[in-house]
K.L.:
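Have a look at this one before I ask anything.
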Amino acid sequence: MTQPAGTPVPRKVIDCLVNVHFGETEKQPEFMTRVRDDYFKGPKSMFDPVDLSELLDEMDEHGVEKAILMDNLTKPSVTARKFVDARPDRFALALGGINLLRPVGPLRELTAAVADLPVAYAVVGPSFWADGMYPPSDAVYYPLYAKCAELGLPLCVNTGIPGPPIPGEVQNPIHLDRVCVRFPELKLCMIHGADPWWDIAIRMLIKYRNLRLMTSAWSPKRLPDSLIHYMRTRGASKVIFASDWPVLRQHRVVPEANALDLPPDVLDNYLYNNANDFFFQPGNGD
């Protein structure tokens, strides 16, 4: 979409977590509708099928050059794969659905997918599988950690209390402490913020070079002062923007992010540079 004459050029943005697969399911599970209705107070249209041109228009309007689309090894998203095929310059994939209890086959599939598709990162939500029984420090995750480190593939792990009514303790970021010690080669990112454990997450970010935090599913104006202070000071390279679209739409969260009380270079890092360096460049994220 062409900007009208005289319209300020928006800052470059990478939206690191976008859901285009919701509309593929005729009936959402109850916990998803409860998240929409009780937690985010979202519109009924949140689970509608996604039109590629409409998503691109929203991205163009707000300077979003690239979006990372959630996908699944076990049940690939038809929509996400179609969008990537149509516009590989604008979209990449995030792959979840890895069976950690029987990891050999799924990790072979992950290796093949990384070779064939534009995969930006793998993702796992500790509260969302095995009834929240296994924190990220458990050895059941170790094959995934080793494989991602071997591939140079970033791994994103949900942290903070989840929206759905499922166990949340396993998503305390302190569980990543041992992981960072044992797998310093692993590019690791906490996603969906870290509430109510922000101070633990910030201390971990200071401690470990290979660790990042993504603010997906968080309205930027609701981010805690402690995180904004960290971004202004020691954490200019450590915090990454994402929307969790359509849970939070880009037309809401990108302007909110631009309005944060951050120096221009720190804001550019948050919106674009940190994601580009961590997800789309080789290296360990140091």
Side-chain angles (χ1 to χ4, degrees), residues 16-17 68 94-96 98 100 103 107 110 114 119-130 132-162 167-218 223-224 226-227 229-231 233-242 269-270 273-286:
C16 293
L17 203 161
I68 301 176
L95 285 178
I98 301 161
L100 302 181
L107 292 180
L110 178 65
V114 170
V119 180
Y121 61 82
V123 60
V124 65
S127 287
F128 289 83
W129 74 280
M133 291 177 58
Y134 300 101
S137 55
D138 193 281
V140 74
Y141 292 85
Y142 283 18
L144 176 61
Y145 297 154
K147 177 55 68 176
C148 286
E150 175 189 338
L151 295 173
L153 179 68
L155 176 64
C156 290
V157 179
N158 289 38
T159 47
I161 295 289
E169 188 277 332
V170 291
Q171 295 191 171
N172 187 326
I174 194 61
H175 294 300
L176 296 173
D177 192 34
R178 292 179 184 272
V179 178
C180 291
V181 169
R182 292 174 179 172
F183 295 89
E185 305 88 353
L186 175 63
K187 297 171 72 171
L188 190 63
C189 183
M190 300 175 278
I191 63 173
H192 294 340
D195 189 68
W197 302 297
W198 293 104
D199 288 345
I200 294 174
I202 292 168
R203 185 64 186 88
M204 296 270 290
L205 289 166
I206 293 171
K207 185 177 180 182
Y208 296 112
R209 291 184 176 182
N210 61 321
L211 187 63
R212 302 292 186 272
L213 182 140
M214 185 191 298
T215 62
S216 48
W218 273 85
L223 293 172
S226 58
L227 184 70
H229 173 76
Y230 173 67
M231 293 167 70
T233 54
R234 300 180 67 174
S237 65
K238 288 299 200 87
V239 183
I240 293 171
F241 171 82
N269 283 354
Y270 173 50
N273 295 331
N274 293 344
N276 187 54
D277 292 346
F278 197 68
F279 294 125
F280 296 104
Q281 304 299 324
N284 65 1
D286 286 356

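Heads up: numbering here begins at 1 and tracks the sequence.
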K.L.:
Can you see which heavy atom on Pro154 is nearest to which on Phe278, and at what distance?
P.N.:
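That would be CG-O, 3.5 Å.
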
K.L.:
Could you walk me through whether Phe280 and Ile68 pass side-chain contact (heavy atoms from CB on, under 4.5 Å), step by step?
P.N.:
CA-CA 11 Å; Phe280 296 104; Ile68 301 176; 3.9 Å; yes

K.L.:
For the residue pair Ala201 and Ala194, what are the closest heavy atoms and their distance?
P.N.:
CB-CB, 3.6 Å

K.L.:
Write down the atom of Val123, the atom of Leu155, and the distance for their closest heavy-atom approach.
P.N.:
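Between these two residues, the closest heavy atoms are N-CD1, 4.0 Å.
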
K.L.:
Between Glu185 and Ala149 (side chain of the first, backbone of the second, donor and acceptor by atom type, cut-off under 3.5 Å), is there such a pair?
P.N.:
no

K.L.:
Minimum heavy-atom separation for Pro126 and Pro136, please, with both atom names.
P.N.:
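Shortest heavy-atom contact: CG-CG, 3.7 Å.
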
K.L.:
Could you check Leu223, Leu17, Ile240 and say which one makes a side-chain contact (heavy atoms from CB on, under 4.5 Å) with Thr215?
P.N.:
Leu223

K.L.:
Should Leu188 and Cys180 be marked as a side-chain contact (heavy atoms from CB on, under 4.5 Å) after you check the CA-CA gap, both sets of side-chain angles, and the distance that decides it?
P.N.:
CA-CA 8 Å; Leu188 190 63; Cys180 291; 3.9 Å; yes

K.L.:
With rounding to the nearest 0.5 angstrom, report the CG to CG distance, Leu100 to Leu144.
P.N.:
5.5 Å

K.L.:
Quick one: pull up CG in Leu213 and CE in Met231 and give me the separation to the nearest 0.5 Å.
P.N.:
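Leu213 atom CG to Met231 atom CE measures 9.5 Å (nearest 0.5 Å).
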
K.L.:
Once rounded to the nearest 0.5 Å, what's the spacing between atom CD of Gln171 and atom CG of Leu176?
P.N.:
10.0 Å

K.L.:
Once you round to the nearest 0.5 Å, how far does CZ of Arg203 lie from CD1 of Ile174?
P.N.:
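Answer rounded to 0.5 Å: 10.0 Å.
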
K.L.:
Is a donor on one side and an acceptor on the other found under 3.5 Å between the side chain of Asn274 and the backbone of Ala236?
P.N.:
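Confirmed, Asn274 side chain pairs with Ala236 backbone.
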
K.L.:
Do the side chains of Asp199 and Ser226 get nearer than 4.5 Å, heavy atoms only?
P.N.:
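Counting from C-beta outward, Ser226 and Asp199 do come under 4.5 Å.
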
K.L.:
How far does CG of Leu205 sit from OH of Tyr230, to the nearest 0.5 angstrom?
P.N.:
4.5 Å

K.L.:
Can Val157 and Val179 be said to form a side-chain contact (heavy atoms from CB on, under 4.5 Å), step by step?
P.N.:
CA-CA 11 Å; Val157 179; Val179 178; over 6 Å; no

K.L.:
Which distance, rounded to the nearest 0.5 Å, do you find between the OG1 of Thr233 and the CD1 of Ile206?
P.N.:
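It comes to 7.5 Å.
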
K.L.:
Met214 and Cys156: which non-hydrogen atoms are nearest, and at how many Å?
P.N.:
CE-SG, 4.1 Å

K.L.:
Do Met190 and Leu211 make a side-chain contact, defined as non-hydrogen atoms from C-beta onward lying under 4.5 Å apart?
P.N.:
yes

K.L.:
Output, in order, the C-alpha distance, side-chain angles, deciding distance and verdict of side-chain contact (heavy atoms from CB on, under 4.5 Å) for Cys189 and Tyr121.
P.N.:
CA-CA 10 Å; Cys189 183; Tyr121 61 82; over 6 Å; no

K.L.:
Please work out which of the three classes, parallel, tilted or perpendicular, describes the rings of Tyr142 and Tyr145, given edges at 30° and 60°.
P.N.:
tilted

K.L.:
Provide the full list of salt bridge (charged side-chain N to carboxylate O under 4.0 Å, His left out) pairs with a residue in residues 132-149, sequence neighbours left out, each pair given once.
P.N.:
Lys147-Glu150

K.L.:
For Tyr208, which residues count as a side chain to side chain donor-acceptor pair (under 3.5 Å) partner, sequence neighbours excluded?
P.N.:
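Tyr208 satisfies side chain to side chain donor-acceptor pair (under 3.5 Å) with Asp177 once adjacent residues are dropped.
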
K.L.:
Report yes if the side chains of Ile161 and Pro196 come closer than 4.5 Å at any heavy-atom pair, otherwise no.
P.N.:
yes

K.L.:
Which heavy atom in Val170 sits nearest to a heavy atom in Gly132, and how many Å separate them?
P.N.:
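It is CG1-O, 3.1 Å.
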
K.L.:
Going by ring-ring contact (aromatic ring centres under 6.0 Å, His included), name the pairs with one or both residues in residues 185-204, residues two or more places apart or in two chains.
P.N.:
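Qualifying pairs: Trp198-Trp218.
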
K.L.:
Are Asn276 and Gln281 side-chain neighbours, meaning at least one heavy-atom pair lies under 4.5 Å?
P.N.:
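Yes, their side chains come closer than 4.5 Å.
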
